[in-house]
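Read through the structure below, which is laid out as structure tokens, and then see the notes.
One-based numbering along the sequence shown.
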Amino acid sequence: MPHHLMNLRHVPDDEAEEIRALFDAHEVAYYETPPSRWGISMGGFWVHDDDEAARARALLDEYQRQRYETQRQAYEEHLARGESGGFWFMLRQRPIRTLAACIAILVITGLSLLPFIRIG
């Protein structure tokens, strides 16, 4: 029976390439199904064998732990240099775009709530 190792929906291309290279380097007999364009099927990496699934899962868990650490370190470096942040950072960097997004959110919320407000 096939074992699903990882969902590929919203996975960056560089991460998927690194996982393919990892599986190829360790000779994991995997196959891949692409995610659908409209988000109906998730796609992913699969293996058929139970033993192969356990070995691939161990490799994937170690890879994801390392990737988490490197991505977290890169994010913290960006924060320390002032290159990323939250709402106030975006407001300072792109004030018109941020305010336009806030106005759009308020308009959509108002239009969504309008039928309920008119009932009362």
Side-chain angles (χ1 to χ4, degrees):
M1 183 168 165
H3 296 273
H4 186 246
L5 298 174
M6 181 178 174
N7 183 350
L8 283 179
R9 188 180 302 152
H10 307 299
V11 172
D13 291 336
D14 67 319
E15 183 177 359
E17 280 298 320
E18 289 173 359
I19 292 170
R20 287 183 199 102
L22 175 72
F23 285 164
D24 291 341
H26 288 85
E27 298 178 354
V28 174
Y30 74 97
Y31 64 97
E32 180 180 349
T33 56
S36 72
R37 180 170 285 157
W38 298 281
I40 295 171
S41 67
M42 63 185 167
F45 292 113
W46 303 77
V47 294
H48 280 292
D49 186 48
D50 291 340
D51 296 331
E52 193 76 359
R55 189 167 71 93
R57 173 60 54 204
L59 289 169
L60 194 55
D61 288 344
E62 178 62 23
Y63 166 78
Q64 288 178 335
R65 185 190 61 75
Q66 289 175 355
R67 179 155 175 109
Y68 170 79
E69 290 174 3
T70 58
Q71 293 297 312
R72 184 68 185 179
Q73 184 179 23
Y75 173 71
E76 289 173 358
E77 288 172 3
H78 281 284
L79 281 178
R81 289 192 306 253
E83 296 174 357
S84 65
F87 176 76
W88 298 112
F89 174 81
M90 289 301 296
L91 189 60
R92 283 192 311 257
Q93 295 297 322
R94 296 189 175 110
I96 295 174
R97 179 179 175 187
T98 305
L99 291 174
C102 290
I103 291 169
I105 290 169
L106 289 173
V107 167
I108 291 170
T109 302
L111 290 173
S112 299
L113 295 176
L114 188 62
F116 300 106
I117 294 171
R118 298 185 124 216
I119 290 173

Derivation and outcome, side chain to side chain contact (heavy atoms under 4.5 Å, CB included), residues L60 and F45: CA-CA 10 Å; L60 194 55; F45 292 113; 5.9 Å; no
Does one hydrophobic cluster hold both [X] and [Y], with members joined at side-chain heavy-atom distances below 4.5 Å?
| X | Y | answer |
| --- | --- | --- |
| V11 | V28 | yes |
| M6 | L22 | yes |
| Y30 | M42 | no |

Using a cut-off of 6.0 Å, state whether more than 12 heavy atoms not belonging to [X] lie near its atom [atom1].
| X | atom1 | result |
| --- | --- | --- |
| E69 | CD | yes |
| I96 | CD1 | no |
| R94 | CZ | no |

Identify the two heavy atoms, one from [X] and one from [Y], that lie closest to each other, and give their separation to 0.1 Å.
| X | Y | result |
| --- | --- | --- |
| A29 | E52 | N-OE2, 2.7 Å |
| L5 | A56 | CD1-CB, 3.6 Å |
| H48 | H3 | O-CD2, 3.8 Å |
| P34 | S41 | O-OG, 4.1 Å |
| S84 | Y75 | OG-CE1, 4.1 Å |

Report the distance from atom [atom1] of [X] to atom [atom2] of [Y], rounding to the nearest 0.5 Å.
| X | Y | atom1 | atom2 | result |
| --- | --- | --- | --- | --- |
| T109 | L114 | OG1 | CG | 12.0 Å |
| D24 | I19 | CG | CD1 | 12.0 Å |
| E83 | E77 | CD | CD | 9.5 Å |
| Q71 | Q73 | CD | CD | 10.0 Å |
| L106 | L111 | CG | CG | 11.0 Å |

Side-chain hydrophobic cluster, 4.5 Å single linkage: members besides L99: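 Grouped by the 4.5 Å side-chain rule, F87, W88, L91 form the rest of the cluster around L99.
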Salt bridge present between D61 and R57 (N-O < 4.0 angstrom):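 Salt bridge flag = yes for R57 with D61.
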Salt-bridge present (R20, E17; N to O < 4.0 Å):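 Counted as a salt bridge, because a side-chain N and a carboxylate O are separated by less than 4.0 Å.
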Aromatic ring pairing Y31/W46, orientation class (parallel under 30°, perpendicular over 60°, tilted between):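 Ring orientation, 0 to 90° scale: parallel.
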E62 side chain to Q66 side chain, donor-acceptor N/O pair below 3.5 angstrom: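 A donor-acceptor contact under 3.5 Å links the two side chains.
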Pair Y68-R65, side chain to side chain contact (heavy atoms under 4.5 Å, CB included): steps then yes or no: CA-CA 5 Å; Y68 170 79; R65 185 190 61 75; 5.8 Å; no
Check: T70 side chain, R67 main-chain N or O, donor-acceptor pair, under 3.5 Å: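 Flag set: sc T70 to bb R67 pair under 3.5 Å.
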